[in-house]
Structures are given as C-alpha cells and as structure tokens.
Amino acid sequence: MDDLIVELLLARGMLSKEQLMQAKDMASVDRSPLLDTLEQMKFVNEEDVLLILGAEYGMDIFDFTDCKIPPEVIAAVPRDIARRYEVIPVGKREGTLTVAMADPTDLDALDAVRYILKCDIEGVVASRKQIQHALSYYYGDIEESVESFLEDMTEGTLDISEVATTDVTTDTGGEEDSDAPIIRLVSLLILEAFRTRASDIHLEPLEKRFRVRYRIDGVLHEIQDCPPKYLQNNVISRLKLMADMDLSEHRIPQDGRIRIPALGRDLDLRVSDIPTTHGESIVMRILDKSSVMLGISELGFFQDDQETILRIINLPDGIFLVTGPTGSGKTTSLYSFLHTLNQPTRKIITAEDPVEYELSGINQVQINPEIKFTFANALRSMLRQAPNIIMVGEIRDVETGEIAINAALTGHLVFSTLHTNDAPSAITRLMDMGIKPFLVASAVRAIMAQRLLRRNCKKCLAPSVPSDDEVEFLGMTREDFADAKLQKGAGCSECSKGYKGRMGIYEIFILDNSIQALIYEKADAGVIRVRARQLGMRTLREDGLRKAMAGLTTLEEVIRLTVGDEQEVVDAAQGIE
C-alpha cells in the first residue's frame, strides 16, 4: 500500500521527487517502511495520507478521538475476526455495519467480514495507530501474561499444589491438557519472550530463587515476576520434555529443539541445558527466519558501504570473510548475501553447524563431528557438486582453511566467518592457524568485521547533546558535533529504555597489492591495520559515529560496543594517515 500512497502524493504535488529520494536513502539505512520515514521527516502527515486514501476509494475518514462506540456495535464483530482482519465496527444502521480499517486496498478483508457476518459491510478509513489502540481497548489483550498468571497463583485463584505436582516427566502421545498450570506457565514464558522481541530466554537456578531473563536487542532483562524457586524443577523438566532431551540425565549438558505453533506462526527454539551448582540452567534461542531473510539494504549499511558490499559479493571468485564475536550478526549477514545471490543460474551450497534456518533454493549441509563429518570433509565433497558459491560456517583449523582457499583459487566464491575483533586481524589469524601467507594473499578478497548496536526507538525520539565524558572518551571536541543530529529515545511502551531493534556497524577491509605485499612479509596485524586505514578503511567506531550523528543510535551505545577501538578514532581526529 505504501507504493500506492507515494504515487498518489506525487501525482497531487504533495511530495517532491527530491523529498522521496531523501526518504528512500534514510529508509534503506533505518530499515523502516517508506511511509513511516516520510512522516518522520515531516514531508507528509497522517491526515494527508488518510484524506488521499479516502478520496481514492470513496470512503469517509473516521476519527476515534472522543468517540465511544456502543457495546452492541462492538459485539457485532467477534474478537478473533476483528483482530484477524484489523477492523473495528463503528456504526450499524438498517442492516449495514460500518467498519473502520487502516488499509482500504484490502478489499479481501471486507469481503471476508461480509461473508462471515452475513450482512452488508461499509468501510471507512482510520489511522493504523487508532485501529490498534481500539483493538486493545474494546477487545482486550490476546494473551495472558506471566505476571497475571503468577498473581492468580499468589491470590489462590490457581491451585498451587496442582502446579507443583504437575506430571511433566511423561508423555503419552495424546493431547495435552492445555489448562495444566505448569504447561500454561512454560507456554506463557515463551510467548511473552516472543512478544517482547527477545532473541534468547535464560532460565537460571540460583541459590534461593529461580531467575528468568530475556535478551532483548542484545541486552539481558530480568522479567518482573520470576517463577518461585519450588517450580524450578517442574519448569526445567517440562522444557526438557518439549526439547526431546533425556529427563533422567542431570549430570551432562544436553541440546535440543522445540517447535510450537503460537500467535499465528511456528516458533522454533534451540535449547541448551547445562548442569550448574543449584540445578540445571536452560537457554533457549528463538530462531526467527524473518531476521535472516533481510536484503542487504536492511542490514544498516549506508549507501557507500552498500555499494562496496555489492561489488564484493559479485566477484567471480575469492574468499570474503565476516568476523566478530558470537552474537554479532555474522550469520544474518552471510544469509543476506546468499539471499541476494540466490538465482536459478547459480548453485549455492553451505556447510553449517548447526543449520539453524532453512533457505529455499540453497543446498545446506549439516556438519556432524560425531561421525567425523567435519567442515573439511564436507567442503571436499561440496566441491564435487560443481557449485558457483560456497559458504563455510566457520574456518576453525588449517585443513578447512586450506581447502576453502583452494576452492577460491579454482574459481569459486567462498563465504566464511572467523572470530576476531577487527577485520585486519583475520589475516594474522589465518596465518597463525598454519595457512601459508602466499595462499592467504592470493585468495582473500575482502574482510568485514561487524557488531550489532541498538537502534533508537522512533516513537519516543528526542534531541540530545553529548556529555562531557562522551566527548572526552571519543577524543573529539564539541565542534565535531556541530552539524550532528544526535537523538535519544526517552522510553515508551513500545521500546526497551529508548531502544527498539538493532542495526549493524561495519569495518570493511579490501585487500590490494600493497596489503598482499605486507602479507608476504608476514607483517603483524597492527602494520596491516595502519595500511588499511591509509587505504580508506573506516573503523567500527567511525561507522557507529556516523550512525549516531544521523540520529539512528546514541553515542553511549557506540562507545559500549566499540570500547576497544578508541585509539583509532583518536588517530583519525589527529589526522594520522
């Protein structure tokens, strides 16, 4: 619908092409819907959009402000229908029901509601924000919360003894009692994590309590009401059962997987169980396929870096390495590159441990060290399949590295990862493994280091100024921020302390003849890094500062993620080349 609105705005002279190009550039970096970006940049407003849509589709505009809809009108549309099609009944007369909707192009929704309710339906246009608020106000929240569940237990609404003695150690294969309290509690813990955009759920047995934390945008947050300590074993046993683990084993670590339908989609969780001093600790990683099916433009690159990456991944051969610590988004970046390159004319094979996300049209190979099916063995077999592009989950040893390099030297484009703090260090890491310098220099085309930092929440943004400590720590002056658009979220119901979502910061290192000469000489990482800076490589902190000055994140967040990179910024500020 956004494209249609933009066309209508252009046709009516309410938006210029120059404004549209500016908004597209910002939207590509900010991974935002174009229409939201246009409104954020104040090129258009919500009222204009509603008026255009109403005129185009012959619908009236409805404003929920100071409007109280009678209960008998709300009762005309059941809650599940209202939520499914995002419509709110606002009036009823002479057998015709009037419903407010945000998307008047969705004629199928009107037809579906008309068919289900067996009455004439008339549509009016309202803002999406008002529709969502009205759904919550008139129909209530969909799901029970962990907090309310535990309150019911405390107040005696639920039978606590029933929860504590619920049998979760057996599974007859029949239907589960969905009302069994321990099952409900575990389900609510998972659903609430998904609703709060958590990437991980940590259940940690401490000496006197049972702590549950969600990792949201890379930062751990303890939930407000953790389950009581006496439920610890029941919750852990229930999760082990769901993950198909050995319930009788409490001495060694175990891994499993949980797949459950929830909120209209299938949730996939990778589960790790490890024994600790006060019981078994479980961490569940929520695998969201939508997070790895991003286009390159959605990863957080500015336009110049995006063009550089597109040139690199379209090379006919060579190795492109992505580096960074665990949880820095390396897998998401690699999958995004493969998604971009995935065409019927190319054969792509990956070797992964484990295969976390299934990608359509790509041949994915699961590594299994227990049967000696290693990255090196898989890579040898993959080359017999005549691929154009290969992805190796990680180069862990000299054998895998040498095979990957030989593949790159024989006409294949190879993607892989390493665990190093910056891009130039990957060169010395490969040589420290035992790979000969001339092989590294001949095969490696580019290296990208990355981190994930939190984005500012768009709903509660406010201008900000750098603190004296931030200016001093960055080795900069206040004059350096004269033209910056520093912003910071104040915190609202839709975000986590002013942040919502994450974006990448990148250090892109392209090897040229002078870098190859340094590799032949076995130069250390510091010398290579100095030369890379001379060639124009932007450090992680410098890329983060660009994004903070554009209002996409905060200086505090950039400093937190790049605390080991301050010397390079000092050098840059002093003009060292």
Side-chain angles (χ1 to χ4, degrees), residues 141-171 176-217 219-251 253-263 267-287 496-497:
D141 293 331
I142 302 175
E143 301 291 347
E144 178 184 18
S145 68
V146 174
E147 182 179 358
S148 63
F149 177 87
L150 293 174
E151 283 178 358
D152 288 344
M153 286 179 52
T154 305
E155 294 169 1
T157 308
L158 294 175
D159 186 347
I160 296 178
S161 63
E162 179 187 0
V163 179
T165 59
T166 300
D167 183 8
V168 295
T169 60
T170 60
D171 186 2
E176 295 176 337
D177 180 1
S178 60
D179 292 326
I182 198 65
I183 296 174
R184 287 170 56 198
L185 176 58
V186 169
S187 297
L188 288 171
L189 287 170
I190 296 173
L191 289 173
E192 195 157 299
F194 183 74
R195 287 201 301 268
T196 56
R197 302 177 295 103
S199 59
D200 305 276
I201 308 170
H202 295 250
L203 298 99
E204 303 161 317
L206 306 179
E207 182 179 5
K208 295 182 179 179
R209 64 191 188 99
F210 184 40
R211 182 169 66 181
V212 178
R213 296 190 288 176
Y214 296 154
R215 189 181 298 278
I216 303 171
D217 296 333
V219 178
L220 284 170
H221 300 269
E222 184 171 344
I223 69 172
Q224 187 171 358
D225 289 282
C226 295
K229 178 72 173 177
Y230 65 83
L231 293 182
Q232 171 183 307
N233 292 338
N234 295 82
V235 171
I236 296 299
S237 295
R238 172 64 187 165
L239 288 169
K240 289 174 68 175
L241 176 68
M242 295 172 69
D244 198 24
M245 296 179 181
D246 185 353
L247 297 176
S248 63
E249 182 56 72
H250 307 283
R251 301 165 299 169
Q254 297 187 70
D255 293 308
R257 204 152 186 167
I258 295 175
R259 290 184 174 90
I260 56 172
L263 302 179
L267 293 188
D268 195 357
L269 299 95
R270 194 176 73 189
V271 185
S272 171
D273 170 73
I274 189 170
T276 67
T277 305
H278 302 292
E280 294 174 82
S281 172
I282 281 187
V283 174
M284 294 182 286
R285 182 179 179 189
I286 300 174
L287 304 177
S496 175
K497 298 181 180 179

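Side chains are part of it too, since the values below use all heavy atoms of this structure and drop only hydrogens, waters and symmetry mates.
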Looking at [X] and [Y], what are the two nearest heavy atoms and their distance?
| X | Y | value |
| --- | --- | --- |
| His250 | Ser248 | CD2-O, 3.5 Å |
| Ile286 | Ala193 | CD1-CB, 4.0 Å |
| Gly279 | Gln232 | CA-NE2, 3.8 Å |
| Pro253 | Pro275 | N-CD, 3.8 Å |

*Evaluate the side-chain contact (heavy atoms from CB on, under 4.5 Å) criterion for residues Val271 and Met245: first the C-alpha distance (whole Å), next the side-chain angles of each, then the deciding distance (0.1 Å), finally the verdict.*
CA-CA 10 Å; Val271 185; Met245 296 179 181; 3.5 Å; yes

Tell me, do [X] and [Y] make a side-chain contact under 4.5 Å, heavy atoms counted?
| X | Y | answer |
| --- | --- | --- |
| Arg238 | Ile183 | yes |
| Leu203 | Glu280 | no |
| Tyr214 | Leu189 | yes |
| Val219 | Ser496 | no |

*Is there a salt bridge (charged side-chain N to carboxylate O under 4.0 Å, His left out) between Arg257 and Asp244 once you walk through the steps?*
CA-CA 7 Å; Arg257 204 152 186 167; Asp244 198 24; over 6 Å; no

What's the spacing between [X] [atom1] and [Y] [atom2] if we round to 0.5 Å?
| X | Y | atom1 | atom2 | result |
| --- | --- | --- | --- | --- |
| Glu192 | Ile223 | CD | CD1 | 6.5 Å |
| Leu239 | Asp273 | CG | CG | 9.5 Å |
| Leu231 | Ile236 | CG | CD1 | 11.0 Å |
| Leu269 | Ile201 | CG | CD1 | 6.0 Å |
| Phe210 | Ser281 | CZ | OG | 8.5 Å |
| Leu191 | Thr196 | CG | OG1 | 10.5 Å |

*Of the options Lys229, Arg213, Arg209, which is the one that meets Glu204 in a salt bridge (Lys or Arg N to Asp or Glu O under 4.0 Å)?*
Arg213

*Would you say Asp255 has more than 12 foreign heavy atoms packed within less than 6.0 Å of its CG?*
yes

*Report, as yes or no, whether the 6.0 Å neighbourhood of atom NZ on Lys497 holds more than 12 heavy atoms from other residues, nucleotides or ligands.*
no

*Quick one: does Gln254's side chain have a donor or acceptor within less than 3.5 Å of a partner on Ala243's backbone?*
no

_Check Asp217 with Arg197, please: is the shortest side-chain N to carboxylate O separation under 4.0 Å?_
yes

